[in-house]
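The next block holds one structure in the form of structure tokens; read it before the comments.
Note that ligands are numbered from 1 as they come in the structure, with each ligand's atoms numbered from 1 the same way.
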Amino acid sequence: MPNSVLSTNKQATMDTYARFPLTLVKGQGSYVWDNEGNKYLDFSTGIATCNLGHVPSYVKEKVEQQLQELWHCSNLYHIPSQEKLAQKLVAHSFAERVFFSNSGAEANEGAIKLARRYAQKVKGSNAYEVVTFKQSFHGRTLATLSATGQEKIQDGFSPLMPGFRYLPYNDIKALDELVTDHTCAVLLELVQGEGGVYTADLEWIQQLEKLCKENHILLMIDEIQTGMGRTGTLFAYEQFGITPDVITLAKGLGSGFPLGAILASEEVAKGFSPGSHGSTFGGNPLATTAGLATLEYMVEQNIAQKAQEAGAYLKEKLLKLQESFPVIKEIRGKGLLLGLVFEDQVLELVTKARENKLLIVTAGPNVLRILPPLTVSKEEIDACIAVLTKGLEAYQPK
Ligand SMILES: *Cc1c(COP(=O)(O)O)cnc(C)c1O
């Protein structure tokens, strides 16, 4: 398989990824090209990151302008693109204050710090515990992997960071155990992306919100994968009739530029004061220029609505596919974050799709995850279904 980088040299990057035998060198819209000139339909979007497709021209122009002006300056100075992006995020969400990071894990790490510090410095309580859920995914730093409810992510990294407790997802009965004297916050995804594309039940999440409000526990939603239009609204929480205290963003926020964010209410943001949190690169001029252009384009073009329509069309086609191929047990997810659930392993289907020039990913061993750009066309969805059909015809479950 094509891999010119490795043809002569020993691999120098660490073995942290089971990489596919594919080297991507160019992208445009819903397509990417490999180093041999083959064109692929990309329904993985760098894992829910290139929500406007690859190299979106509006964002590209703004970043090109910024490249001529200033790449980086410290957060010791005012950064216009950072402040504008914060104001725009505030205008389109529950939030009143924003902190920028470079990644999703850092955004969650900061949210955990904010929850603890709000409890201890603003409320004067000694609560520190953050409740999270089984199958969740919150990142790879020591605190965020400790927050993650999956043993395989934590394997070999003990001792874990103390102060987390995991409850079963979508289990109303288990909410009886939510509140203790030590609990300061709850952190969860509304669609568990990495953990198998499980969507929160409406009744469960509303019950959870009620418990949080009654007991002054912060409701923190990890929207790193569900945010930026992915589930059919700019943020997924809008579809659940809840008002969070904190949300975290990353993936789609910068259209591929490393950028994350913590969004909080005015009250909760009091948890941070000058000197209590920071980042050298977080919110730098280049990244926030990409973020601002991404959000401007999303709002002006109503991309979330497009994602909702494309998601409905894709789901309808997938349900038809399920009729023809009962090996598909279930179709889960929201908008353009969809999972096809099988009884058996699905890696073979990912490989087959790649051979037929379609890129998709998994969410655990037996779930195919389909993450098109939100700008995807019906024709591109039809092309995806055709490739999936071919793969399913040859599928040998094991
Ligand atoms: C990807 C992801 C993260 C981690 O983001 P990184 O940018 O890889 O650190 C955290 N939470 C969720 C829900 C994610 O999908």
Side-chain angles (χ1 to χ4, degrees), residues 14 16-19 44-51 99-115 130-150 152-154 157 161 164 166 169 185-200 205 219-231 235-237 240 244 246-263 279 281-284 287-288 290-291 294 332-339 360-364 367 369-371 374:
M14 289 194 192
T16 50
Y17 304 102
R19 293 185 202 267
S44 66
T45 46
I47 320 280
T49 293
C50 304
N51 285 8
F99 176 89
F100 290 103
S101 65
N102 309 289
S103 69
E106 270 182 280
N108 282 339
E109 180 95 18
I112 294 160
K113 284 179 69 178
L114 179 62
V130 177
V131 172
T132 65
F133 293 87
K134 303 270 167 66
Q135 305 114 225
S136 60
F137 182 78
H138 299 299
R140 303 288 194 158
T141 64
L142 200 47
T144 58
L145 75 82
S146 301
T148 292
Q150 296 188 59
K152 69 169 195 221
I153 306 284
Q154 301 171 336
F157 297 115
M161 176 80 73
F164 297 99
Y166 322 97
Y169 195 71
V186 173
L187 173 65
L188 79 153
E189 300 150 90
L190 293 170
V191 181
Q192 294 184 316
E194 308 294 310
V197 196
Y198 293 97
T199 306
I205 189 69
L219 178 58
M220 308 203 294
I221 309 290
D222 178 342
E223 294 248 20
I224 289 164
Q225 191 155 158
T226 55
M228 304 313 288
R230 175 58 59 185
T231 64
F235 307 111
Y237 77 81
F240 290 82
V246 173
I247 65 172
T248 51
L249 300 174
K251 293 199 163 85
L253 182 58
S255 284
F257 276 76
L259 181 61
I262 308 167
L263 278 63
S279 164
F281 291 127
N284 102 347
T288 47
T294 300
R332 292 199 288 246
K334 253 189 192 310
L336 288 172
L337 200 184
L338 293 175
I360 47 175
V361 293
T362 58
V367 181
R369 193 167 22 150
I370 319 249
L371 299 164
L374 311 187

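- Phe137 CE2, 3.6 Å is the protein heavy atom nearest to atom 3 (C) of ligand 1.
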side-chain hydrogen bond (donor to acceptor under 3.5 Å, both in side chains) for Ser255 and Thr294? Distances and angles first, verdict last.
CA-CA 6 Å; Ser255 284; Thr294 300; 2.8 Å; yes

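- The side-chain heavy atoms of Ile224 and Asn108, taken from C-beta on, include a pair separated by under 4.5 Å.
- For the pair Gln225 and ligand 1, the shortest N or O to N or O distance falls below 3.5 Å.
- Under the 4.0 angstrom criterion, atom 8 (O) of ligand 1 counts as lacking any protein heavy-atom contact.
- For Gln192, the side chain to side chain donor-acceptor pair (under 3.5 Å) partners at least two apart in sequence or on another chain are Gln135.
- Taking the centre and axis of the six-membered ring of Phe157, the NZ or CZ atom of Lys152 falls outside the cone set by 45° and 6.0 Å.
- Within the 4.0 Å heavy-atom criterion, the part of His138 lying near ligand 1 is the backbone and not the side chain.
- In terms of polar-atom proximity, Gly104 is counted as a contact of ligand 1, with an N or O under 3.5 Å from an N or O of the ligand.
- At least one N or O atom of Asp222, backbone or side chain, sits closer than 3.5 Å to an N or O atom of ligand 1.
- In this structure, the protein non-hydrogen atom closest to atom 1 (C) of ligand 1 is Lys251 NZ, 1.5 Å.
- Two residues are said to be in side-chain contact when any heavy atoms from C-beta on lie closer than 4.5 Å; Leu371 and Leu337 meet this criterion.
- Near Ser103, meaning under 4.0 Å from one of its heavy atoms, ligand 1 places the atoms 7 (O), 9 (O).
- For the residue pair Phe235 and Gly227, the shortest heavy atom distance occurs at CD2-CA, 4.4 Å.
- With sequence neighbours excluded, the residues that form a side chain to side chain donor-acceptor pair (under 3.5 Å) with Thr141 are Glu109, Thr144.
- Close approach to Ala105 involves these atoms of ligand 1, each under 4.0 Å from a residue heavy atom: 4 (C), 5 (O), 6 (P), 9 (O).
- Polar contact check, Ala250 against ligand 1: no nitrogen or oxygen pair lies under 3.5 Å apart.
- Formation of a donor-acceptor pair under 3.5 Å by the Arg230 side chain with backbone atoms of Leu336 is found in this model.
- Residue contacts with ligand 1, taken as heavy atom pairs separated by less than 4.0 Å, involve Asn108 solely via side-chain atoms from C-beta onward.
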